[in-house]
Amino acid sequence: MGKRDNRVAYVNPIAASRSRPQSSGPSIQDYLSRPRPTWEEVKELLERKKKGSRALADFEEKMNESWKKELAKNREKKLADREREQEKQKRIADKAKEKSLAGKPKVMNIGMKGQIFNIAVKEKEINVIDKEKDKKVLDKEKEEEKKEKKEKKKKEKKEKKEKKKSNRHSPSSSSSSSSSDSSSSSSSESDDEGEKKSVKKKRKRKKSSARKASDGSAAESDAESKKKKKIKEEGDEKDEKSRHRKRKAERIHKDSSSGSSVVSEGEEAVDAKKKKRSSEEKDRITKSKKKRRKKHKKHGRKSKKRTASGSEHD
C-alpha cells in the first residue's frame with residue numbers, strides 16, 4: 001500500500017480576491033480617498049480649543065450680573081434700615097433731653113435800659129408737677145379703698161362660717177332661751193367642741209385610710225403569693241412532662257437499638273448462608289470444569305490413536 005496524497009493545490013490570494021465578488025461596504029480605496037481637512041482648517045480648530053467654549057463664559061457673565069443686582073438690592077435695604085435706626089436713636093435722645101430740661105427752670109434774660117432781669121418761668125412746670133402728684137395720691141387712695149373692701153369681705157365670710165358651725169352644734173332651745181352672755185359662752189364652747197370633733201373625724205379618717213392601705217397591701221401580697229404558687233406549679237408540671245418525654249424517648253431508643261441488633265444478627269446469618277451457597281456453587285463449577293478438561297484430554301488421545309492406526313493400515 002502506498003502513502004495517501006495529502007498535497008493541496010496552491011492558490012494565488014490576489015487572484016482569488018479579484019475573482020471573488022466585492023462586498024457592499026466601503027473598500028480600502030474609498031477609505032484612502034476620504035475627504036480630509038486642510039492645514040488652515042486644522043489651525044482654526046486648535047485655536048478655538050485653546051480659547052475655550054464661549055457658552056460657559058456667557059453663562060458666567062449672566063450670573064455675575066444677576067449677583068451684582070442682588071447685592072445692590074441688599075445694600076439699599078441695609079442702608080435704609082441703618083437710617084431708620086439712626087432716626088429712632090435721634091428721637092430717643094431728643095426726648096431724653098426734653099425731659100431733662102423740663103425739670104430745670106427756664107430763664108429769660110431781658111435787657112431794659114442796660115439792666116438784665118432774670119425771670120424764672122415755672123408756672124406751667126409747676127402745674128404739670130401738681131397734676132402728677134394729684135394722680136398719684138388718687139391712685140393710692142383707690143388702692144387703699146379696694147384693700148379695705150377685700151378685708152371687710154373676708155371678715156364677713158369668716159363670721160358667717162363661725163355662725164354656721166355654732167348653729168350646727170348648739171340646740172335650738174338653748175339658743176332661744178339663753179341670754180346674750182350664755183349665748184356667747186355656748187358659742188365659744190360649741191366652737192371648741194366643733195374643733196374637737198373635727199380633729200376626731202380627721203384621726204378616724206387617717207386610721208381608716210391606713211387600715212385600707214394595709215388591707216390593700218395584704219391583698220396584693222396574697223395575690224402575688226398566689227401568682228408565684230401558680231407559676232411554680234406550672235413550672236413543676238412542665239418539668240414532669242419534659243422528664244416523661246425524655247423517658248419515653250430513651251425507651252424508644254433502647255427498643256430500636258435492640259431491634260436493630262436482632263435485625264443485624266439476622267442479616268449476618270443470611271449473609272453467611274449466601275456466602276456458603278456462593279462458595280458451594282463455585283466448587284461445583286470448578287469440579288465440572290475439571291471433569292470437562294479430563295474428558296477432552298481423553299477424547300484427544302483416542303483421536304490420535306485412531307489416526308495413527310489408520311495410517312499404519314494404509
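Because the structure is a prediction, the values reported are computed rather than measured.
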Give, for atom NZ of K73 and atom CD of E76, the distance between the pair rounded to the nearest 0.5 Å.
9.0 Å
Just grab all the salt bridge (Lys or Arg N to Asp or Glu O under 4.0 Å) pairs involving residues 226-246, residues at least two apart or on different chains.
none
A quick test of your reading: do over 12 heavy atoms of other residues, nucleotides or ligands sit less than 6.0 Å from CG of L32?
yes
Q89 CD to E87 CD distance, which is reported to the nearest 0.5 Å
11.0 Å
Straight-line distance of E148 CD to E151 CD, nearest 0.5 Å:
7.0 Å
Decide if atom CG of L71 counts as having more than 12 heavy atoms of other residues, nucleotides or ligands within a radius under 6.0 Å.
yes
For the atom pair CG (D283) and OG (S288), what is the distance rounded to the nearest 0.5 Å?
10.5 Å
Got more than 12 heavy atoms from elsewhere within 6.0 Å of CD, Q29?
no
In Å, rounded to the nearest 0.5 Å, how long is the span from CD of E144 to CD of E141?
7.0 Å
Counting heavy atoms not belonging to E40, are there more than 12 under 6.0 Å from its CD?
no
Is R251 atom CZ crowded by more than 12 heavy atoms from other residues, nucleotides or ligands, each under 6.0 Å away?
no
Checking the side chain of R48 only, and the main-chain atoms of L45 only, is there a donor and an acceptor separated by less than 3.5 Å?
no
When rounded to the nearest 0.5 Å, the distance separating NZ of K147 from NZ of K150 is 9.0 Å
